[in-house]
Q: 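Before anything else, here's the structure in question.
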Amino acid sequence: MGNSKTVRFKIKRQASPAAKSYWEEFELPRHSGMNVISSLMEIAGNPVTRDGRTTTPVTYDSNCLEEICGSCAMLINGKARMACSALVDKLDQPIRLEPFSKFPVVRDLAVDRSVLFENLKAVKAWVPIDGSYDLGPGPRLTMQDQEAAYPLSRCISCCCCMEACPQFNEETNFVGAAAISQVRLFNTHPTGSALKRERLSALMGDGGIHECGYAQNCVEVCPKDIPLTRSIAEVGGAVMKQAIGDLFRK
Amino acid sequence: MASNPNIIVIGGGLAGLSAVIKIAEMGGNVDLFSIVPVKRSHSVCAQGGINAAKNLKGEGDSTWQHFDDTVYGGDFLANQPPVKAMCDAAPGIIDLLDRMGVPFNRTPEGLLDFRRFGGTLYNRTAFAGATTGQQLLYALDEQVRRYESEGKVKKYEHWEFLSAVLDSKGVCRGICAMDLRSMEVRIFPADAIIIATGGIGAIFGRSTNSVVCTGSAQSAVYQQGCYYANGEFIQVHPTSIPGEDKLRLMSESARGEGGRVWVPKTPGDRRDPKSIPEKERWYFLEEWYPKYGNLVPRDVATRAIFRVVYEHNLGIDGKPMVYLDLTHIDRKILDRKLEGILEIYEKFVGDDPRDTPMKIFPGMHYTMGGLWVDFNQATNVPGIYAAGECEYQYHGANRLGANSLVSCIFGGFIAGPNAVRYARNLQAAPSNGHFDSERKRQDEINAGLMKAEGNENPFRLWRELGDLMTKDCTVIRYNRNLHQADGKLCELLERFQRINLSDRSLWANTTVAFVRQLYNMLQLSRVIAQGAAARDESRGAHYKPDFPDRDDKNWLKTTKAYFAPDADEPKFEFEPVDTSLIPPRARRYDVAK
Ligand SMILES: Cc1cc2nc3c(=O)[nH]c(=O)nc-3n(C[C@H](O)[C@H](O)[C@H](O)COP(=O)(O)OP(=O)(O)OC[C@H]3O[C@@H](n4cnc5c(N)ncnc54)[C@H](O)[C@@H]3O)c2cc1C
Ligand code: SF4
Ligand code: SF4
Ligand code: FES
């Protein structure tokens, strides 16, 4: 476990997308309030491994440091989660840091998660307004409607749900829970619902919603507690209904 | 020139995205550059809300009141016509965001709910749970994604702006940027560019800002000839959660919803705060400012906390901290209105603020100063526009809570169309040689860094910079210290020449990017330190005990710094403030204004 005055890290390094990965160990003095990102910052200030070898600072993504920008997702002790809110005191040592396994590695702990942004384009995750000029207030919403939409709108695009999902892989091309949940959000918005049919259509076929096996791994890792299985069930139902309707309309 | 001009927008926070939307709507083509994917910009951090005088609470609020509060809160340093225009536009901006699907909190009738923020007596702040910034940024991001899928916008994420490309007449013709993965330096021509690169928190080491808020882009164009205005006005937020890596903000909405700031009356009182009886607590803000109480503006609250901690020695446990207490408020109300921000405290400190008073202390938060712009958001360099926190226009000497988001969106809405209009009338450049020479200059900087054989670690140099700036250039300022600080900045710049890159690889090298930012931070720090030293008065966030009063006779003017390349340091000019709409009056919060 290392002594309690220090913290040990095992970090998986990889110099470039094509390079081979390897592990490096670091040992830092322990102080109160440390989290994984503050530890990586400390390593950057003194990039020396546990066995005294000088190395390069670790590459990782981060920005807000308060678990709202969605940048710093990685595998910490094997679990998909946000590094900035991973308090060192609450982690078993040595703390193992690895990049996400289902996204292309850029370098070290940084991966390319642009697939989610592409998926959001595919499902038209926006409200189709006429223009940005002043057209008066939006539709009235009850407090209940706002309270139903708000939890869904808190998704930070971190991709933890996709990393943890057994169905999310190259074979299935599955869009993943986050995009499906956004479909639910926009389909329930009074103006957003104008694109409901197109969104549901985008979730049919290859990589669509039927790939989900309801394993529920996604809900367990979501840092924002988004009711993903509920979203998947609701959207799944709507997709099914539309598909059957389409069949009869043919 | 082109009727469908090419505009480059640098930065995809609220300001940048607002500009992009307007440009795309006008038929322009946009290249959008951002260090982080735009959806991960610092604007997501805003928690509290956005101001607009919609007057939906029967209080008789008006856009004029909003204007007056903003100018008064800013201690009369802002030029008034653009502030008025912003306040007039704010209700329409809220409506637009509402139409875009922002899940603003609602009243029982289904209308937008508003809360009260600091520096006003009206409920004027619209909010979406405790994640207003995230919700607003996403709404704009979604509209931009729509334009992107229509081919009107091209995003360059994980690209860093390095410099503007200026032709032989000093007109901006594009930018030089670096791919943060391949480290390739490339030139991008444009008819006009808009800088929307946000705040400068990293200059102070630890702040409430996000990691990429370094001010590096602003500093780069300042070193290329843009004026930087009112740099000395730095807002320190009264309530942040002290931390190793960052000072996490406890939003003003905690006080807006009834949070009370206090310390035990006995120094070093070690009792559990809940067991300290009312009469042994000192609610110093309520006592000193009976009219505004806990909701005095930020500079006033910050200095009050400093006084209690450093002059009365009443910090909790003798440490620089005071209580911010919500425990008297019903849990359900707290969960409904503040859940997100309370979660932050729980997550990063480990205590539940519904049960235990929070421990907070002031932290660097916002820069009122920034690139100088005219009322069209144009800098003094033709073809360079600026919007958002990176420019200086709307907040004078002190920004009111929830006024930044609205100024970012409004600024973007002004900058975008003006850049398009400018571009439509632009004459062709006399030649094209400037592109190559600028790229060469940037390549040489990178090559120089890669070769550097010194012994200075850039990350440690940065910590020193942060500590220096926080100590001497924030809440309380003395001329002697400011001059010394500037001297130390020169030393740091010298040591920068002996920097050692611990990473020399040519792929996704974050150290190279950081070192470049560090240099720009050092240059901009001198603008802040020297600007503060020059201004011998106290106004808004700028406070000098040796000159405790506002001095309108000598200092009702905008500081404009420009870079003198030969001297390698800032020079200063001053410009009168446009106070044509509201005559300056004394600013005080112990009574109603
Ligand atoms: C914790 C916190 C809470 C806040 N809460 C509120 C609130 O409740 N209400 C309110 O009104 N204000 C609030 N503010 C202030 C407000 O959030 C900011 O002022 C505002 O979001 C700034 O927006 P922006 O668009 O100017 O910049 P940002 O959102 O910071 O965006 C800057 C963009 O520029 C890009 N960028 C930067 N440098 C470069 C470069 N060199 N090359 C390429 N791209 C670059 C970044 O990637 C990013 O996309 C808060 C601030 C903080 C720190
Ligand atoms: S329920 Fe299971 S299969 Fe479906 S998205 Fe979630 S993790 Fe994947
Ligand atoms: S749904 Fe949750 S886990 Fe998935 S991207 Fe959004 S916030 Fe992350
Ligand atoms: S750095 Fe933003 S979520 Fe961790």
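Letters A, B, ... are given to chains in the order of the sequence lines, protein chains preceding strands, and every chain is numbered from 1.
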Q: Can you list the residues that meet the side-chain hydrogen bond (donor to acceptor under 3.5 Å, both in side chains) rule with A:Lys224, with sequence neighbours excluded?
A: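 With sequence neighbours excluded, A:Lys224 shows a side-chain hydrogen bond (donor to acceptor under 3.5 Å, both in side chains) to A:Glu67, given in chain and number order.
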
Q: About how many Å separate CD1 of A:Ile43 and CZ of B:Phe459, when rounded to the nearest 0.5 Å?
A: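 B:Phe459 CZ to A:Ile43 CD1: 11.5 Å, rounded to 0.5 Å.
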
Q: I want to check something: taking the side chain as every heavy atom from C-beta on, are B:Asn457 and A:Asn46 in contact at a cut-off of under 4.5 Å?
A: no

Q: Pick from B:Gly101, B:Ala139, B:Cys213: which one has the most heavy-atom pairs with chain A under 4.5 Å?
A: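 Of the options given, most contacts go to B:Gly101.
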
Q: Please round to the nearest 0.5 Å and tell me the distance separating atom CG of A:Leu120 and atom CG of B:Asp141.
A: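 It comes to 8.5 Å.
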
Q: Determine whether B:Arg463 and A:Met41 make a side-chain contact, defined as any pair of heavy atoms from C-beta on separated by less than 4.5 Å.
A: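 Of all side-chain heavy-atom pairs linking A:Met41 with B:Arg463, at least one is under 4.5 Å.
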
Q: Between A:Arg154 and B:Glu343, does at least one N-O distance fall below 4.0 Å, as a salt bridge requires?
A: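 Salt bridge between A:Arg154 and B:Glu343, a charged N being under 4.0 Å from a carboxylate O: yes.
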
Q: Checking B:Val211 against A:Leu65 for the side chain to side chain contact (heavy atoms under 4.5 Å, CB included) test, could you report, in this order, the C-alpha distance in whole Å, the side-chain angles of both residues, the deciding distance, and whether it holds?
A: CA-CA 8 Å; B:Val211 173; A:Leu65 306 188; 3.9 Å; yes

Q: Using heavy-atom distances under 4.5 Å, tell me whether A:Thr54 contacts chain B through its side chain, its backbone, both, or neither.
A: neither

Q: Answer with side chain, backbone, both or neither: which region of A:Thr142 has an atom nearer than 4.5 Å to a non-hydrogen atom of chain B?
A: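 The answer is the backbone of A:Thr142.
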
Q: Could you tell me the separation between the CD1 atom of B:Ile344 and the CD1 atom of A:Ile68, rounded to the nearest 0.5 Å?
A: 7.0 Å

Q: Do you know which of B:Ser505, B:Gly129, B:Pro242, B:Gly92 has the most heavy-atom pairs under 4.5 Å to chain A?
A: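 Most heavy-atom pairs within the cutoff with chain A belong to B:Gly129.
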
Q: Check whether A:Ile129 gets within reach of chain B through its side chain, its backbone, both or neither, counting any heavy atom under 4.5 Å.
A: both

Q: What residue, out of B:Glu157, B:Arg145, B:Glu109, B:His42, has the most heavy-atom pairs lying under 4.5 Å from chain A?
A: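 Option with the greatest count: B:Arg145.
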
Q: Given the options A:Ala149, A:Ser71, A:Ala15, which has more heavy-atom pairs under 4.5 Å with chain B than any of the others?
A: A:Ser71

Q: Where on A:Met143 is there a heavy atom nearer than 4.5 Å to chain B: the side chain, the backbone, both, or neither?
A: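 Backbone plus side chain of A:Met143, per the 4.5 Å heavy-atom cut-off to chain B.
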
Q: Let's test your reading of the structure: which of A:Pro17, A:Gly136, A:Cys84 forms the most heavy-atom pairs below 4.5 Å with chain B?
A: A:Gly136

Q: Are side-chain N/O atoms of A:Tyr150 and B:Thr131 paired as donor and acceptor at under 3.5 Å?
A: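 Yes, because at least one side-chain N or O of A:Tyr150 sits under 3.5 Å from a partner of the opposite role on B:Thr131.
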
Q: Under a 4.5 Å heavy-atom cut-off, does chain B meet the side chain of A:Cys72, its backbone, both or neither?
A: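 Neither the backbone nor the side chain of A:Cys72 comes within 4.5 Å of chain B.
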
Q: What distance do B:Glu25 atom CD and A:Ser132 atom OG have between them, rounded to the nearest 0.5 Å?
A: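 B:Glu25 CD to A:Ser132 OG: 3.5 Å, rounded to 0.5 Å.
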
Q: Could you tell me whether B:Lys359 atom NZ has more than 12 heavy atoms of other residues or ligands within 6.0 Å of it?
A: no

Q: Run the side-chain hydrogen bond (donor to acceptor under 3.5 Å, both in side chains) test against B:Arg336 and tell me which residues pass, sequence neighbours left out.
A: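 Once residues adjacent in sequence are excluded, B:Arg336 has no partner under the side-chain hydrogen bond (donor to acceptor under 3.5 Å, both in side chains) criterion.
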
Q: Side chain, backbone, both or neither: which part of A:Glu147 has a heavy atom under 4.5 Å from chain B?
A: side chain

Q: What part of A:Pro47 is in contact with chain B, defined as an atom under 4.5 angstrom from a non-hydrogen atom: side chain, backbone, both or neither?
A: side chain

Q: Just give me the residue among B:Glu244, B:Lys22, B:Arg106, B:Met100 that pairs up with chain A most often, heavy atom to heavy atom, under 4.5 Å.
A: B:Arg106

Q: Please check: side-chain N/O of A:Glu66 versus main-chain N/O of B:Arg248, any donor-acceptor pairing under 3.5 Å?
A: no

Q: Look only at the side chain of B:Arg40 and the backbone of A:Cys69, and say whether a donor-acceptor pair between them is shorter than 3.5 Å.
A: yes

Q: What residue in A:Thr55, A:Asn63, A:Ile37 has the most heavy-atom pairs under 4.5 Å with chain B?
A: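 Looking at each of A:Thr55, A:Asn63, A:Ile37 in turn, A:Asn63 comes out on top.
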
Q: Please answer whether the main-chain N or O of A:Pro137 pairs with a side-chain N or O of B:Asp98 as donor and acceptor at a distance below 3.5 Å.
A: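 No, because the side chain of B:Asp98 does not come within donor-acceptor range (under 3.5 Å) of the backbone of A:Pro137.
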
Q: Chain B: which of A:Gly138, A:Ser38, A:Gly45 shares the most heavy-atom pairs with it under 4.5 Å?
A: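 So the answer, after comparing A:Gly138, A:Ser38, A:Gly45, is A:Gly45.
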
Q: Under 4.5 Å heavy-atom distance to chain B, tell me which part of A:Ala44 shows up: side chain, backbone, both or neither.
A: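 Both backbone and side chain.
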
Q: Do B:Lys39 and A:Ser157 have side-chain N/O donor and acceptor atoms under 3.5 Å apart?
A: yes

Q: So what's closer than 4.5 Å to chain A heavy atoms on B:Pro108: side chain, backbone, both or neither?
A: both

Q: With a 4.5 angstrom heavy-atom cut-off, is it the side chain or the backbone of A:Pro151 that approaches chain B, or both, or neither?
A: neither

Q: Are a donor atom and an acceptor atom from the side chains of B:Asp245 and A:Asn35 found within less than 3.5 Å of each other?
A: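 Result is yes, a qualifying pair exists.
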
Q: How about B:Lys347: does its NZ atom have over 12 heavy atoms from other parts shown lying under 6.0 Å from it?
A: yes

Q: Can you pull out the residues in residues 106-115 of chain A with any heavy atom less than 4.5 Å from chain B?
A: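 If one takes a 4.5 Å heavy-atom cut-off, the residues of residues 106-115 of chain A near chain B are A:Val106, A:Arg107, A:Val111, A:Asp112, A:Arg113.
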
Q: Write out, in numerical order, the residues from residues 179-195 of chain A with a heavy atom short of 4.5 Å from a heavy atom in chain B.
A: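 Against chain B, the residues of residues 179-195 of chain A that fall inside the cut-off (heavy atoms, under 4.5 Å) are A:Phe186, A:His189.
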
